[in-house]
Protein chains: 2
Amino acid sequence: MPSDKIENTVPLLSAFFTEIGIIEQLSRAALERVLPDGMKQPHFGVLNHMVRLGLDESPAQLASAFQVTRPTMTNTIQKLEAKGYVVVKPDPRDGRAKIVQITDKGRAAREAGLAALGPLMQPLYETLGKDLFEELTPKLSRVRTYMDENR
Amino acid sequence: MPSDKIENTVPLLSAFFTEIGIIEQLSRAALERVLPDGMKQPHFGVLNHMVRLGLDESPAQLASAFQVTRPTMTNTIQKLEAKGYVVVKPDPRDGRAKIVQITDKGRAAREAGLAALGPLMQPLYETLGKDLFEELTPKLSRVRTYMDENR
DNA sequence: ACCCTTTAATTAGATATCTAACTATATAAT
DNA sequence: ATTATATAGTTAGATATCTAATTAAAGGGT
């Protein structure tokens with residue numbers, strides 16, 4: 001299976017990554033058009049992550065979870081904090097670290113975002129079929145995992 | 001096939017788009033690490049597009065091809081022009097429009113980018129297999145096409 | 001001919017992201 | 001203990017992107 005003709009590698013993988021890039025752009029634009037209160041995708045992503053995991057994580061852990069740099073996560077957290085969606089406290093166990101906690105207001109904003117998401121996704125789901133996404137997601141996960149481990 | 005339980009829509013599609021987003025980040029970072037002369041992904045993408053199609057297109061056509069806004073493409077073209085990779089001329093058939101042409105220097109830069117791309121993609125190809133990408137790409141294309149037509 | 005609408009390109013201003021550099025704290029080595 | 005190294009978080013500066021507004025030109029309707 002591995003090591004077919006290498007000449008075909010670049011065009012094939014270029015087409016793959018081109019599709020990935022355009023879907024990313026389209027999905028972010030579609031999401032941000034319906035998110036309430038001018039919320040951006042990364043903000044919603046972090047709120048969602050915190051609700052689902054139910055943990056109080058550090059900025060560094062969040063940066064790692066979202067594959068962004070720490071300064072980027074610093075910026076995201078500051079925006080969430082300014083809106084009252086999270087509170088940031090010092091970590092009693094590590095003087096360098098902090099702990100980020102979602103607030104009730106943050107939970108409400110996340111709920112509102114989720115509610116806006118349904119109508120966006122339902123047509124995709126109904127038109128293209130659940131099976132397509134159930135098939136694609138684990139395979140994309142394989143690609144993502146490999147790239148993440150070998151970067 | 002369409003219209004399964006709608007409750008499952010959001011988590012399933014969220015996971016899909018999360019994978020898309022992370023792969024996009026990782027691939028852009030990997031690409032820009034190996035591109036010569038500080039070239040960025042959009043610059044390489046435009047040069048590549050122009051060589052493959054062999055057409056002289058307008059900024060508006062390029063913006064449409066890459067699914068970015070026109071101001072974004074204006075910025076990209078200005079950067080390419082500053083490096084001498086393209087020349088921009090008025091369109092004799094439409095006083096509003098311009099025509100973007102790749103230069104020999106731009107072609108050389110594109111070639112250098114392509115050469116750097118191979119070693120990046122070969123491990124992916126060999127480890128995960130050609131079949132995976134041949135299977136994924138047309139399916140992603142279906143998703144992209146639908147989203148593009150219904151945004 | 002003249003106005004109205006659309007389209008092409010740009011400019012201005014805002015935001016998210018990155019890398020590099022900095023501060024502070026923790027951990028390991030000697 | 002002291003020193004060196006690594007890690008957490010932030011700040012500073014640069015870039016790519018977006019939306020809104022501006023300018024110029026094309027096309028359609030009356």
Side-chain angles (χ1 to χ4, degrees), chain A residues 21-35 37-47 56-83 86-100 151, chain B residues 21-35 37-47 56-83 86-100 151:
Chain A
I22 295 181
I23 292 173
E24 193 278 335
Q25 275 176 314
L26 293 172
S27 67
R28 181 164 32 78
L31 173 64
E32 293 182 352
R33 222 179 300 123
V34 301
L35 281 180
D37 197 28
M39 209 189 321
K40 301 297 173 185
Q41 187 185 56
H43 304 160
F44 179 65
V46 168
L47 293 181
D56 297 334
E57 292 176 290
S58 68
Q61 287 172 317
L62 290 169
S64 172
F66 285 90
Q67 308 285 10
V68 297
T69 61
R70 280 194 265 230
T72 296
M73 188 52 66
T74 294
N75 180 286
T76 300
I77 291 167
Q78 286 173 345
K79 296 297 160 61
L80 290 171
E81 201 177 12
K83 288 191 174 179
V86 303
V87 291
V88 181
K89 308 187 304 188
D91 184 338
R93 290 187 279 181
D94 186 335
R96 300 166 300 179
K98 296 185 174 179
I99 292 172
V100 184
R151 78 194 132 133
Chain B
I22 294 180
I23 291 173
E24 194 277 336
Q25 274 175 316
L26 292 172
S27 68
R28 182 163 33 75
L31 174 63
E32 293 182 351
R33 222 178 301 122
V34 302
L35 281 180
D37 196 27
M39 210 188 322
K40 301 298 174 186
Q41 188 185 54
H43 305 160
F44 180 64
V46 169
L47 292 181
D56 296 335
E57 291 176 290
S58 69
Q61 287 172 317
L62 289 169
S64 172
F66 284 91
Q67 308 287 9
V68 297
T69 62
R70 279 194 265 229
T72 296
M73 188 52 68
T74 294
N75 180 286
T76 301
I77 291 168
Q78 285 172 345
K79 296 298 160 58
L80 291 172
E81 202 177 11
K83 287 191 175 180
V86 303
V87 291
V88 181
K89 308 187 303 184
D91 184 338
R93 291 188 277 180
D94 187 334
R96 301 165 300 180
K98 296 186 175 180
I99 292 174
V100 185
R151 78 193 132 134

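Proteins come first, then strands; the chains are lettered A, B, ... in the order of their sequence lines, and each starts at number 1.
Interatomic distance, A:Asp91 CG to A:Ser58 OG, rounded to the nearest 0.5 Å: 8.0 Å. Between the CG atom in A:Leu47 and the CE atom in A:Met39 there is a gap of 6.0 Å [rounded to 0.5 Å]. Taking CG from B:Leu62 and CD from B:Glu57, the interatomic distance works out to 5.0 Å, rounded to the nearest 0.5 Å. Interatomic distance, B:His43 NE2 to B:Asn75 CG, rounded to the nearest 0.5 Å: 6.5 Å.
Partners of B:Thr74 under the side-chain contact (heavy atoms from CB on, under 4.5 Å) rule, at least two apart in sequence or in another chain, are B:Gln78. Residues satisfying the ring-ring contact (aromatic ring centres under 6.0 Å, His included) criterion with A:Phe66, sequence neighbours excluded, are A:His49. Contacts of B:Asp56 classified as side chain to side chain donor-acceptor pair (under 3.5 Å), with partners at least two apart in sequence or in another chain: B:Gln101. Taking A:Pro59 as the reference, A:Ile77, A:Lys98, A:Val100 meet the side-chain contact (heavy atoms from CB on, under 4.5 Å) condition, with sequence neighbours excluded. Taking the salt bridge (Lys or Arg N to Asp or Glu O under 4.0 Å) definition, one finds that B:Asp94 meets it with B:Arg96, sequence neighbours left out. Listed by chain and number, the residues in a side-chain contact (heavy atoms from CB on, under 4.5 Å) with A:Ser64 amount to none (sequence neighbours excluded).
We find that CD of A:Glu57 is positioned 13 Å from P of D:dA8, with the value rounded to whole Å. Atom P of nucleotide D:dA25 and atom CZ of B:Arg93 are separated by 18 Å, given to the nearest angstrom. In this structure, A:Gln61 atom CD and D:dA8 atom P are separated by 9 Å, rounded to whole Å.
Within the 4.0 angstrom heavy-atom criterion, no nucleotide atom of any strand lies near B:Gln41. Counting non-hydrogen atoms under 4.0 angstrom, A:Asp94 reaches the backbone sugars and phosphates but no base.
Inter-axis angle, ends of the helix from C:dA1-D:dT30 to C:dT30-D:dA1, five pairs per end, rounded to 10 degrees: 20°.
Comparing A:Val88 and A:Gln25 against DNA chain D, the residue whose closest nucleotide sits nearer the 5' end is A:Val88.
A heavy atom lying under 4.0 Å from DNA chain D marks the following residues of residues 66-76 of chain A, by number: A:Arg70, A:Pro71, A:Thr74.
Minimum interatomic distance between B:Thr69 and B:Ala63 (heavy atoms only, all atoms of both residues): O-CB, 4.0 Å.
Taking 4.0 Å as the cutoff to heavy atoms of chain B, we find the contact window on DNA chain C bounded by C:dT7 to C:dT11.
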Write out a two-atom table: protein N or O, nucleotide N or O from nucleotides 22-24 of chain D, distance below 3.5 Å.
none

Using residues 25-32 of chain B as the side-chain source, report each donor-acceptor pair under 3.5 Å to any protein atom, sequence neighbours left out, with the distance given to one decimal.
from: B:Ser27; atom 1: OG; to: B:Ile23; atom 2: O; distance (Å): 3.1
from: B:Ser27; atom 1: OG; to: B:Glu24; atom 2: O; distance (Å): 3.1
from: B:Arg28; atom 1: NE; to: B:Glu24; atom 2: OE2; distance (Å): 3.1
from: B:Arg28; atom 1: NH2; to: B:Glu24; atom 2: OE1; distance (Å): 3.3
from: B:Glu32; atom 1: OE2; to: B:Gln41; atom 2: N; distance (Å): 3.0

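A distance-only check finds a donor-acceptor pair linking the side chain of B:Lys83 to the backbone of B:Asp37 [under 3.5 Å].
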